[in-house]
Amino acid sequence: MLLRGLSRLVAARRSCWAAGRRPLGSGSQVICEQTLVAVKPDGVQRRLVGEIIQRFEKRGFQLVGLKLVQVPREVLSAHYHDLEEKTFYPALIDYMSSGPIVAMVWEGQDVVKVSRTMVGATSPTQALPGTIRGDLCVDISRNAVHASDSVEVAQKEIALWFHHSELVQWKCCAHSNIYNV
Ligand code: IDP
Ligand code: MG
């Protein structure tokens, strides 16, 4: 448990340096951890972009990348390579390439873990009320939002979806109200 916490911390600090940032915060606080969040085609069509962005903003995370994209199939294949053998994989790639997606990079302390909690279980029928999927979706194949599932995966997904120059470093004037820094 302690080891897992330590390796998360090391990975998060490494992700700060990889993003060209000095890790802020001390001890277990790494507030420049980053994750990829994407509003999927159903979420865009259902006008859920604003609601989803608002949840991350209100929580206290910082937006450092944002774009509306029609994602090429090669990128989606790389993104979902671990699901290649699943029966739903072809339908998943078709659906993810069926319309625009809003891709975002969010930054903050434990943002990977907290985002997954905010997004909720993969199947909306099992997602708790209060989570995005638990509040806004009903079907597993139309679950509105993606969020990276580990710090290492987040780094890979951000590099796959964003060019380094598309990520904006900006000083958040509310930092000392969100963190004890
Ligand atoms: P996650 O999005 O919660 O990380 P993953 O297991 O990584 O879930 O699956 C990626 C996406 O594949 C899901 O968000 C969902 O859109 C789709 N998916 C997963 N399992 C199923 C399924 O059993 N049927 C249809 N689509 C699925
Ligand atoms: Mg996943």
Side-chain angles (χ1 to χ4, degrees), residues 4-5 7-8 11-12 14-15 18-19 33-59 61 63-162 166-167:
R4 202 177 317 142
S7 75
R8 261 188 65 77
R14 207 176 282 142
S15 86
E33 182 177 307
Q34 295 182 340
T35 197
L36 179 82
V37 174
V39 183
K40 297 180 179 183
D42 57 306
V44 174
Q45 296 290 342
R46 293 177 56 212
R47 313 301 200 253
L48 297 177
V49 174
E51 154 112 29
I52 291 169
I53 289 178
Q54 194 172 50
R55 287 184 180 221
F56 285 88
E57 277 196 314
K58 278 189 170 171
R59 184 70 190 247
F61 292 126
L63 186 62
V64 295
L66 172 72
K67 60 183 176 182
L68 179 73
V69 272
Q70 181 75 49
V71 185
R73 292 179 80 89
E74 312 83 75
V75 172
L76 293 170
S77 308
H79 179 79
Y80 283 128
H81 68 93
D82 58 322
L83 299 175
E84 259 166 26
E85 305 300 320
K86 302 283 185 188
T87 51
F88 59 81
Y89 175 79
L92 174 64
I93 301 297
D94 283 349
Y95 147 67
M96 289 292 285
S97 53
S98 69
I101 289 176
V102 172
M104 297 174 271
V105 177
W106 287 93
E107 184 174 288
Q109 185 178 326
D110 277 332
V111 69
V112 172
K113 195 169 86 186
V114 176
S115 298
R116 292 288 293 187
T117 305
M118 289 168 67
V119 163
T122 305
S123 173
T125 55
Q126 282 159 32
L128 296 175
T131 64
I132 294 170
R133 288 167 174 168
D135 287 347
L136 306 174
C137 312
V138 284
D139 190 291
I140 193 167
S141 66
R142 298 291 182 270
N143 58 6
V145 64
H146 165 83
S148 309
D149 64 8
S150 71
V151 173
E152 292 79 6
V153 168
Q155 287 168 31
K156 287 189 188 133
E157 291 182 348
I158 291 167
L160 179 66
W161 287 62
F162 281 85
E166 294 175 305
L167 302 181

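For ligands, and for the atoms within them, numbers begin at 1 and follow the listed sequence. In what follows, residues are counted from 1 in the order of the sequence shown.
Considering backbone and side-chain N/O of Lys40, one or more are found under 3.5 Å from N/O of ligand 1. For ligand 1, none of its N or O atoms has an N or O atom of Ser141 under 3.5 Å away. At least one N or O atom of Arg133, backbone or side chain, sits closer than 3.5 Å to an N or O atom of ligand 1.
Contact detail for Met96 and Pro41: the closest heavy-atom pair is O-CG, 3.8 Å. Considering all non-hydrogen atoms of both residues, Ser97 and Arg73 come closest at OG-NH1, 3.2 Å. Contact record, Tyr95 with Ser141: CE2-O, 3.3 Å, taken as the closest heavy-atom pair. In terms of heavy atoms, Gly65 sits closest to Leu167 at CA-CD2, 4.0 Å.
Looking only at heavy atoms of the protein, atom 3 (O) of ligand 1 is closest to Thr122 OG1, 2.6 Å. Annotation: atom 19 (C) of ligand 1 to nearest protein heavy atom, Phe88 CZ, 3.4 Å.
When non-hydrogen atoms are compared, ligand 1 lies under 4.0 Å from the side chain of Leu92 (C-beta onward) but not from its backbone. Contacts between Asn143 and ligand 1, counted as non-hydrogen atom pairs separated by less than 4.0 Å, involve the side chain only. With a heavy-atom cut-off of 4.0 Å, Leu83 touches ligand 1 through its side chain alone.
The shortest heavy-atom distance from His79 to ligand 1 is not under 4.0 Å. Distances shorter than 4.0 angstrom do not occur between any heavy atom of Asp149 and any atom of ligand 1.
Here atom 4 (O) of ligand 1 lies nearest to Arg116 when heavy atoms of Arg142, His146, Arg116 are compared.
Taken to the nearest 0.5 Å, the CZ atom of Arg55 stands 12.5 Å off from the OG atom of Ser115.
In summary, the atoms of ligand 1 found under 4.0 Å from a heavy atom of Tyr80, numbered by their order in the structure, are 10 (C).
Side-chain contact between Asn143 and Lys40 is present, with at least one heavy-atom pair separated by less than 4.5 Å.
Under 4.0 Å is where a charged nitrogen must lie from a carboxylate oxygen, and between Glu152 and Lys156 no such pair does.
Under a cutoff of 6.0 Å and an axis angle of 45°, Lys67 and Phe162 form a cation-pi pair.
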